[in-house]
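The shown structure was predicted, so the numbers you read here are calculated from the model rather than taken from an experiment.
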Amino acid sequence: DLVERIFRFREMHGASLHPEAAYLLLRGMKTLALRVERQNASALRIARWLRERPEVARVFHPGLDDHPGHDVARRQMPGGFGGMLSFELVGGFEQVREVLPRLRLAHRAANLGAVETVVAPPRTGSHVELTEAERAALGIPEGLVRYSTGIEDPDDLLADLEAALSGGDPA
């Protein structure tokens, strides 16, 4: 009975957003292209920078020419390769536990889709329910960090990463 009443209500009133939600959605759409462009460029720059760091074992980003899916990504993503990347720290999860608290701009969170840069290690986030052996079988190293690049100045993000990886405070 409840489902039927809700169905009839929806048919009469349509599937519509609350006015404030609709306003925020429309407002956000106006700057979406700029935000995505910034995230794409920043993520690729950060991925290239991380690849040169001795603390980093591997970097995963489809914009890197050594990524296994780079050729497909280049054909399918002509506007950029996305704001998401991940990297594996040489020291495993112990190094993750040391580095992530030092970050000042990139915040630790489970949600990886925001205008702010967000980091999350799969071991304590997206794949926390799996054992270490299950994660390893899926190819998820314990030292992996997922990094969702926001729209902050890329120089600031690089300085934040530099300080966190080297054990110092950001400038």
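Residues L130 and F93 fall into different hydrophobic clusters, defined by Ile, Leu, Val, Met, Phe, Trp and Tyr side chains chained together at heavy-atom separations under 4.5 Å. One hydrophobic cluster, built from ILVMFWY side chains closer than 4.5 Å, cannot hold both F60 and W49; they sit in different ones. When the side chains of ILVMFWY residues are joined at heavy-atom separations under 4.5 Å, either directly or via intervening members, V36 and L85 end up in two distinct hydrophobic clusters. Linking ILVMFWY side-chain heavy atoms closer than 4.5 Å, directly or via other members, places L144 and V99 in two distinct hydrophobic clusters.
Note: I46 CD1 to L157 CG = 4.5 Å, rounded to the nearest 0.5 Å. Between the CG atom in L165 and the CZ atom in F87 there is a gap of 6.5 Å [rounded to 0.5 Å]. To the nearest 0.5 angstrom, L32 atom CG is 8.5 Å from Q39 atom CD.
In this structure F9 satisfies the side-chain contact (heavy atoms from CB on, under 4.5 Å) test together with H13, sequence neighbours excluded. Judged as a side-chain contact (heavy atoms from CB on, under 4.5 Å), and not counting sequence neighbours, the contacts of R38 are S42, I151, D153, P154. Judged as a side-chain contact (heavy atoms from CB on, under 4.5 Å), and not counting sequence neighbours, A136 has no contacts. Listed by chain and residue number, nothing satisfies the side-chain contact (heavy atoms from CB on, under 4.5 Å) test with D1 (two or more places apart in sequence, or in another chain). In this structure, the ring pair (Phe, Tyr, Trp, His ring centres under 6.0 Å) partners of F81, at least two apart in sequence or on a different chain, are H70. Judged as a side-chain hydrogen bond (donor to acceptor under 3.5 Å, both in side chains), and not counting sequence neighbours, the contacts of R53 are E55, E162.
Using a 4.5 Å heavy-atom cutoff, the side chains of R146 and P122 are in contact. Taking the side chain as every heavy atom from C-beta outward, P121 and L100 approach each other to under 4.5 Å. Side-chain atoms of V56 and R51, non-hydrogen and from C-beta on, never get closer than 4.5 Å to each other. With contacts defined as side-chain heavy-atom distances shorter than 4.5 Å, the pair R108/V118 does not qualify. No side-chain heavy atom of S86 sits under 4.5 Å from any side-chain heavy atom of R58. Taking the side chain as every heavy atom from C-beta outward, V59 and Y147 never approach each other to under 4.5 Å. A 4.5 Å side-chain heavy-atom check between H61 and L44 finds at least one atom pair inside the cut-off. Counting only heavy atoms from C-beta outward, the side chains of L138 and R135 never approach each other to under 4.5 Å.
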| request: Go through the steps for M84 and T149 under the test side chain to side chain contact (heavy atoms under 4.5 Å, CB included), then give the verdict. | output: CA-CA 6 Å; M84 285 293 304; T149 309; over 6 Å; no
| task | Give the C-alpha distance, both sets of side-chain angles, the deciding distance and a yes or no for side-chain hydrogen bond (donor to acceptor under 3.5 Å, both in side chains) between T117 and E152. | result | CA-CA 7 Å; T117 298; E152 300 93 346; 2.6 Å; yes
| query | Between T131 and E134, does a side chain to side chain contact (heavy atoms under 4.5 Å, CB included) hold up when you go through it step by step? | reply | CA-CA 5 Å; T131 67; E134 290 169 327; 3.2 Å; yes
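Under the 3.5 Å distance criterion, the side-chain polar atoms of D160 are matched with a main-chain donor or acceptor of R104. Between the D156 side chain and the L105 main chain, no donor and acceptor come within less than 3.5 Å of each other. A donor-acceptor pair is defined here as one N or O able to donate and one able to accept, closer than 3.5 Å; no such pair exists between the side chain of T31 and the backbone of L34. The main-chain N or O of V90 is found under 3.5 Å from a side-chain atom of Q95 such that the two form a donor-acceptor pair.
Taking a cutoff of 4.0 Å between a charged side-chain nitrogen and a carboxylate oxygen, R45 and D155 qualify as a salt bridge. Salt bridge R8/E11: absent, no basic N to carboxylate O contact under 4.0 Å. With salt bridges taken as basic N to acidic carboxylate O contacts below 4.0 Å, none links R48 and D65.
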